[in-house]
Amino acid sequence: MVVETLYVGRNNVFSLRLMRDGEAISLLAITGYELHLSNGRVFSDVDRFVEKPDGVVEISVGDLLTEADVGSHRAYLVTFDPVNAAGVRWPDFKLKVRA
């Protein structure tokens with residue numbers, strides 16, 4: 001399982017590569033993203049998700065995290081596109097938030 005670490009109030013960026021059947025997906029049709037944390041927080045501001053080549057999405061939410069988020073979370077990403085308007089849920093990963 002992928003493990004990422006972010007720090008409260010910092011401009012941390014982490015990346016996820018979205019793959020299907022061993023191949024990186026094309027991000028061209030993606031219209032939105034949501035990052036879900038196990039404490040119920042959801043981040044969906046489109047400016048927080050930057051698409052890179054080879055199916056990589058850079059996510060920058062460190063400066064939005066608070067002391068209430070400190071700890072270990074099972075997190076997951078949801079992507080939206082015209083064909084999947086209800087969203088595609090990607091596999092869980094572990095996100096550590098530190099003060």
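Remember, it's a predicted structure, so these values are computed and weren't measured experimentally. All values below come from the heavy atoms of this structure, side chains included, with hydrogens, waters and symmetry mates left out.
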Asp69 bridged to Arg98 by N-O distance under 4.0 Å: no
Between the side chain of [X] and the main-chain N/O of [Y], is any donor-acceptor distance below 3.5 Å?
X     : Y     : value
Arg20 : Ile25 : no
Arg48 : Ser60 : yes
Asn39 : Arg41 : yes

Using every non-hydrogen atom in the two residues, find where [X] and [Y] come nearest and quote the distance to one decimal.
X     : Y     : result
Ser38 : Ser72 : OG-O, 4.3 Å
Ser15 : Glu4  : O-OE2, 3.7 Å
Thr66 : Val8  : O-CG2, 3.5 Å

Identify each donor-acceptor pair in which a side-chain atom of residues 74-86 lies under 3.5 Å from a protein atom, sequence neighbours left out, and give them as a table.
{"residue": "Arg74", "atom": "NE", "partner": "Asp92", "partner atom": "OD2", "Å": "3.3"}
{"residue": "Arg74", "atom": "NH2", "partner": "Asp92", "partner atom": "OD2", "Å": "3.3"}
{"residue": "Tyr76", "atom": "OH", "partner": "His36", "partner atom": "ND1", "Å": "3.3"}
{"residue": "Thr79", "atom": "OG1", "partner": "Trp90", "partner atom": "NE1", "Å": "3.0"}
{"residue": "Asp81", "atom": "OD1", "partner": "Val83", "partner atom": "N", "Å": "2.8"}
{"residue": "Asp81", "atom": "OD1", "partner": "Asn84", "partner atom": "N", "Å": "2.8"}
{"residue": "Asp81", "atom": "OD1", "partner": "Asn84", "partner atom": "ND2", "Å": "3.2"}
{"residue": "Asp81", "atom": "OD2", "partner": "Asn84", "partner atom": "ND2", "Å": "3.0"}

Aromatic ring pairing Phe93/Phe14, orientation class (parallel under 30°, perpendicular over 60°, tilted between): tilted
Pairing residues for Lys52 by the side chain to side chain contact (heavy atoms under 4.5 Å, CB included) criterion, not counting sequence neighbours: Val50, Val56, Glu58
Non-hydrogen side-chain atoms of Phe43 and Leu37 separated by less than 4.5 Å: yes
Side chain to side chain, Val97 and His73, heavy atoms closer than 4.5 Å: yes
